[in-house]
Amino acid sequence: MKRALALALCAAILCCGLPALAHDSQDDHDSDLKLVLFGNADYLPQGEQREIFQAIADAAALCIDQFSANKSAQSKRQEFEELSRQVDLSMSFDDIDLNQSIGGGNITPNTHRLYTHLGWDFSEYPDDAFWEARKEILLQTVRQELFGDSIPDIPLISGIVSRLTEPSEQCIAFCELVYGIHILGDHLVGNAPGKLAALEPLARSNDLSNPGVIPELQQSLQTLFADQQDTRTFLSLMQELDVLRRDAEEVYSSWGGINTEEKCAINMENARSLLTLLGDKVPILLRNEDFFIQAFYSS
């Protein structure tokens, strides 16, 4: 059933005949990430902090956006190898290279989203094992770069320990936040219905398998900031997310869904409002978390 559903969705995407469907470059996604983590899309971490940020940003790009037009293209192999020199990853490039569709054809800018863009915990990807391998790129990078206090700082040993033990719930929640920011970035340029194909919706609670970016962010933020849930900043953030969730849900549940450019414009505005909200509130909360202070604000 999942294979048939995936093939049908691939065919629908291909029929749209659209060009690349996301931010124009990784730099745009990186700017969104900087805004939400630091409150400034143009922020430039220095020294080791810059290396940590770039490792996380590159891991997100490889996890979510990497694909090769054919088996020999090996797109982003250099980026993977550079990341592997900083983070002891448990997989090879061949393990994560998306280079062939479930139907045996080549992957395109229009179809690669089917394998990675439908939600962090989406249960009906055409290749679940592949998506789990992709998630590990981000999970292992974030764990070693931000949550490595309990991991011996010894080459090889640190990577082995990291792979043999599970990441903390807070580490997973941070990865979910990074994932959500990336998907949000694709909504920001979704000015036509076809550009939202194979993309996790902002909010669609009636679909339990794919409730959307905002509901998943609300759950992740509760875990990420478990010790700050009584603060004014956190309570305000959750209240405003509730409002945006209702607004986003309204356009998704309208007759025909987001099937016109006018509805796409509303969805894009909701996405912009969500990014602005996250950029206003999340950096304040992160500056009260030890893992983030030690990585980016300690001398």
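Predicted, not measured: the structure shown is a model, and the values here were computed from it.
- The minimum heavy-atom distance between L146 and F296, with the atom names listed, is CD2-CE1, 3.8 Å.
- L83 CG to D88 CG: the interatomic distance, rounded to the nearest 0.5 Å, is 10.5 Å.
- With sequence neighbours excluded, the residues satisfying side-chain hydrogen bond (donor to acceptor under 3.5 Å, both in side chains) with E145 are Q86.
- The two residues K263 and S254 have their closest heavy-atom pair at NZ-OG, 3.0 Å.
- Classification of the Y297-F38 ring pair by plane angle, with boundaries at 30° and 60°, yields perpendicular.
- No side-chain donor-acceptor contact under 3.5 Å links Q100 to the backbone of G105.
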request  = Kindly indicate, with the supporting measurements, whether the criterion salt bridge (charged side-chain N to carboxylate O under 4.0 Å, His left out) is fulfilled by R246 and E249.
outcome  = CA-CA 5 Å; R246 289 193 292 270; E249 202 124 31; over 6 Å; no
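- With a 4.5 Å cut-off on side-chain heavy atoms, F291 and C171 do not count as touching.
- The cluster map of Ile, Leu, Val, Met, Phe, Trp and Tyr, joined by side-chain heavy atoms under 4.5 Å apart, puts V243 and V282 in different clusters.
- Using a 4.5 Å heavy-atom cutoff, the side chains of L177 and S220 are not in contact.
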task = Could you give me the CA-CA distance, side-chain angles and deciding distance for D27 and K34, then say whether salt bridge (charged side-chain N to carboxylate O under 4.0 Å, His left out) is met?
result = CA-CA 10 Å; D27 289 343; K34 288 176 184 177; over 6 Å; no
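- The CG atom of L221 sits 11.5 Å away from the CD1 atom of I214 when rounded to the nearest 0.5 Å.
- Across all their heavy atoms, P215 and L202 have their closest contact at CD-O, 3.5 Å.
- The side chain to side chain contact (heavy atoms under 4.5 Å, CB included) test with T141 singles out one residue from I52, V87, L62, V178, and that residue is V87.
- In this structure, the side chain of E124 does not engage the main chain of F122 through any donor-acceptor pair within 3.5 Å.
- Within the 3.5 Å criterion, the main-chain N or O of I107 finds no donor-acceptor partner in the side chain of T111.
- Side-chain heavy atoms closer than 4.5 Å link hydrophobic residues (I, L, V, M, F, W, Y) into clusters, and following such links, possibly through other members, connects I293 to L37.
- Note on ring orientation: taking the six-membered ring where Trp is involved, the planes of W131 and Y125 are tilted (angle from 30° to 60°).
- For E200, there are no side-chain hydrogen bond (donor to acceptor under 3.5 Å, both in side chains) partners two or more places apart in sequence or in a different chain.
- More than 12 heavy atoms of other residues, nucleotides or ligands shown are found within 6.0 angstrom of CG on N288.
- Between the side chains of S90 and E136, no donor-acceptor pair of N or O atoms lies under 3.5 Å.
- Ring geometry for H187 against Y252 counts as perpendicular: the plane angle is over 60°, on a 0 to 90° scale with 30° as the lower cut.
- Under the 6.0 Å cut-off for aromatic ring centres, F67 and Y115 do not qualify, their centroids lying 6.0 Å or more apart.
- Between the side chain of Y179 and the backbone N or O of G119, at least one donor-acceptor pair lies under 3.5 Å.
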inquiry  = Working note: S92 + D95, criterion side chain to side chain donor-acceptor pair (under 3.5 Å); need CA distance, chi angles, decisive distance, verdict.
reply    = CA-CA 5 Å; S92 69; D95 293 329; 3.2 Å; yes
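- Of all the heavy atoms in L98 and F130, the pair that sits closest is CB-CZ, 3.7 Å.
- Linking ILVMFWY residues whenever their side-chain heavy atoms come closer than 4.5 Å, directly or via other members, leaves I258 and M268 in distinct clusters.
- Within a 6.0 Å radius of CD in Q229, more than 12 heavy atoms belonging to other residues, nucleotides or ligands are found.
- Checked by atom type, the side-chain pair D97/Q66 shows a donor-acceptor distance below 3.5 Å.
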task = Run the numbers on L217 and L278 for side-chain contact (heavy atoms from CB on, under 4.5 Å), then give the verdict.
result = CA-CA 10 Å; L217 279 177; L278 294 173; 4.0 Å; yes
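- Hydrophobic clustering keeps I284 apart from L286 (ILVMFWY residues linked when any side-chain heavy atoms are closer than 4.5 Å, directly or through intermediates).
- Closest approach of L224 and A173 over heavy atoms only: N-CB, 3.8 Å.
- When the shell of 6.0 Å around CG of D230 is examined, it contains 12 or fewer heavy atoms from other residues, nucleotides or ligands.
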task = Would you please test Q170 and V142 for side-chain contact (heavy atoms from CB on, under 4.5 Å) and show each step?
result = CA-CA 11 Å; Q170 192 176 37; V142 168; over 6 Å; no
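- Surrounding CZ of R50 are at most 12 heavy atoms belonging to other residues, nucleotides or ligands under 6.0 Å away.
- Applying the 6.0 Å contact sphere to CD of E169 captures no more than 12 heavy atoms from other residues, nucleotides or ligands.
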query = Which is it for H29 and D65 under the side-chain contact (heavy atoms from CB on, under 4.5 Å) test, yes or no, and what are the steps along the way?
reply = CA-CA 11 Å; H29 282 297; D65 262 354; 3.9 Å; yes
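- Residues E261 and N191 have side chains not in contact (no heavy-atom distance under 4.5 Å, counting atoms from C-beta outward).
- When the side-chain contact (heavy atoms from CB on, under 4.5 Å) test is applied to D207, the partners found at least two apart in sequence or on another chain are R204, S209, N210.
- R113 contributes no side-chain N or O that, together with a main-chain N or O of L118, makes up a donor-acceptor pair within less than 3.5 Å.
- Using a 4.5 Å heavy-atom cutoff, the side chains of E176 and Q219 are not in contact.
- Under 3.5 Å, the side chains of Q222 and Q218 contain no donor-acceptor pair of N or O atoms.
- Q26 and D58 share a side-chain donor-acceptor pair at under 3.5 Å.
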ask   = What's the verdict on side chain to side chain donor-acceptor pair (under 3.5 Å) for E240 and S236, showing C-alpha distance, side-chain angles and the deciding distance?
value = CA-CA 6 Å; E240 293 185 57; S236 173; 3.1 Å; yes
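- Considering all non-hydrogen atoms of both residues, K71 and Q74 come closest at O-CG, 4.0 Å.
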